[in-house]
Amino acid sequence: MTKQYDLHCHSTASDGEKSPLELVRHAVSHGVEVLALTDHDVTDGLAEAGKEAQLLGIEFISGVEISVSWGKHVLHIVGLNFDPTHLALQSGLAKLRLQRQSRGELIAERLTKAGVENSLQGAMRYSSGQILSRSHFAKYLLDAGYVKNLADAFKRYLGKGKPGFVAGDWVGLEEAVSWITESGGQAVIAHPTRYGLSATKLRVLIDEFKQVGGKGLEVISGSQDHNAMRSMADYARRFDMHASVGSDYHGPSQSWLKMGRLPPLPDDIEPIWSLWADS
Ligand code: AMP
Ligand code: MN
Ligand code: MN
Ligand code: MN
């Protein structure tokens, strides 16, 4: 029997709702046996999560989800199984967090013009870690009564083309992959079907990603449906990429993404953990 892997989720160190410790407890109670915490542009939750995972007897893998600019697209690259103390990785992530702060100021300016007051201070109140995310703005919009739910906040204010949308200027693909690789880890394209890329563009991306040292695709993601899974499994076969698996769990209020509910990978696909010495 293969173990239950979940290699993509979030804690309060970024835009998740559970502390790293609570998240690990939640994962264990839902049957996860190998867990990676992959907060956006920050690794601050890893130490606490790793300690709790050890106490509870599950395997813990270091992780991060890096914001990348690729042409006009924003991509998420998950890094797994790296050394979190690596300097190039940490100074790179620190730069991204500063960029998040400046983007947050721009978002707030735009929201002010759209009639939403005090959103910068508001969003920052929901951010207990070192990153400011659109998720924090969404929570402010919800609690201040501007929208009915979080999805609505993205639909009306924060999503592409909406009044508060600022794409952000992140790191390039090659540089992000190099931070992960140089710190000893593997880079994986997170939820590849969520970027609205044509089949041609996705092939170009995977080719380029492989050339710069990328190793895998999220074939199974809580935010991808069954068809997407089959399609990504095909890409993994065709491009000889390893497959990763993750819920993208953020907490109870985003109820469509759950832990411990992921289907198994198809048998003929090499999982990303086959690259890890002791798996
Ligand atoms: P950012 O990295 O600051 O651009 O924020 C993106 C985050 O917003 C994602 O990681 C999700 O957690 C969240 N998000 C994006 N789209 C939606 C949506 N439609 N509904 C709820 N949360 C969303
Ligand atoms: Mn998120
Ligand atoms: Mn993502
Ligand atoms: Mn994520």
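All ligand and atom numbering here is 1-based and tracks the order in the structure. Residue numbers start at 1 and run along the sequence shown. Since this is a predicted model, take the numbers as computed values, not measurements.
Atom numbering of ligand 1 starts at 1 in the shown order; those under 4.0 Å from a heavy atom of His250 are 10 (O), 12 (O). Here is the list of ligand 1 atoms found below 4.0 Å of a heavy atom in Gln254: 21 (C), 22 (N).
For Arg194, no nitrogen or oxygen atom sits less than 3.5 Å from a nitrogen or oxygen atom of ligand 1, counting backbone and side chain alike.
Looking at atom 4 (O) of ligand 1, its nearest protein heavy atom turns out to be Arg134 NE, 2.8 Å. Considering only non-hydrogen protein atoms, atom 9 (C) of ligand 1 sits nearest to Asp15 OD2, 4.0 Å. For atom 13 (C) of ligand 1, the nearest non-hydrogen atom of the protein is Ser135 OG, 3.4 Å. Atom 19 (N) of ligand 1 has its closest protein heavy atom at Phe154 CB, 3.6 Å. Scanning the protein for heavy atoms near atom 3 (O) of ligand 1, the closest one is Arg103 NH2, 2.4 Å. Looking only at heavy atoms of the protein, atom 5 (O) of ligand 1 is closest to Ser133 OG, 3.4 Å.
Among the atoms of Asp248, no N, O or S atom is found under 2.8 Å from the Mn ion (ligand 3). Inclusion of Cys9 in the first shell of the Mn ion (ligand 4) is not supported: no N, O or S atom falls under 2.8 Å. Among the atoms of His40, no N, O or S atom is found under 2.8 Å from the Mn ion (ligand 4). The Mn ion (ligand 3) lies under 2.8 Å from an N, O or S atom belonging to His191.
Between the side chains of His10 and Glu65, at least one donor N or O sits under 3.5 Å from an acceptor N or O. Glu17 and Thr12 are not linked by any side-chain donor-acceptor pair at a separation below 3.5 angstrom, with hydrogens and angles left out of the test. Residues Gln224 and Thr193 bring a donor and an acceptor atom of their side chains to less than 3.5 Å of each other. Under the 3.5 Å distance criterion, with hydrogens and angles disregarded, a donor-acceptor pair is assigned to the side chains of Gln186 and Trp276. Under the 3.5 Å distance criterion, with hydrogens and angles disregarded, no donor-acceptor pair is assigned to the side chains of Ser221 and Asp248.
With distances taken over non-hydrogen atoms, the option nearest atom 2 (O) of ligand 1 out of His136, Arg100, His40 is Arg100.
Looking only at N/O/S atoms, His76 comes nearest to the Mn ion (ligand 3) through ND1. Of all N, O or S atoms in Glu65, the one lying closest to the Mn ion (ligand 4) is OE1.
A cation-pi arrangement is present between Arg238 and Tyr235 under the rule of less than 6.0 angstrom and at most 45 degrees off the ring axis. The cationic group of Lys201 lies under 6.0 Å from the six-membered ring centre of Trp70 and within 45° of the ring axis, placing it in a cation-pi geometry.
Ring to ring, Tyr249 and His8 are not that close: their centroids are 6.0 angstrom or more apart.
For Asp207 and Lys210, the salt-bridge test fails: no basic side-chain N is under 4.0 Å from an acidic carboxylate O.
Asn81 places no side-chain N or O within 3.5 Å of a backbone atom of Ile61 that could act as its donor or acceptor partner.
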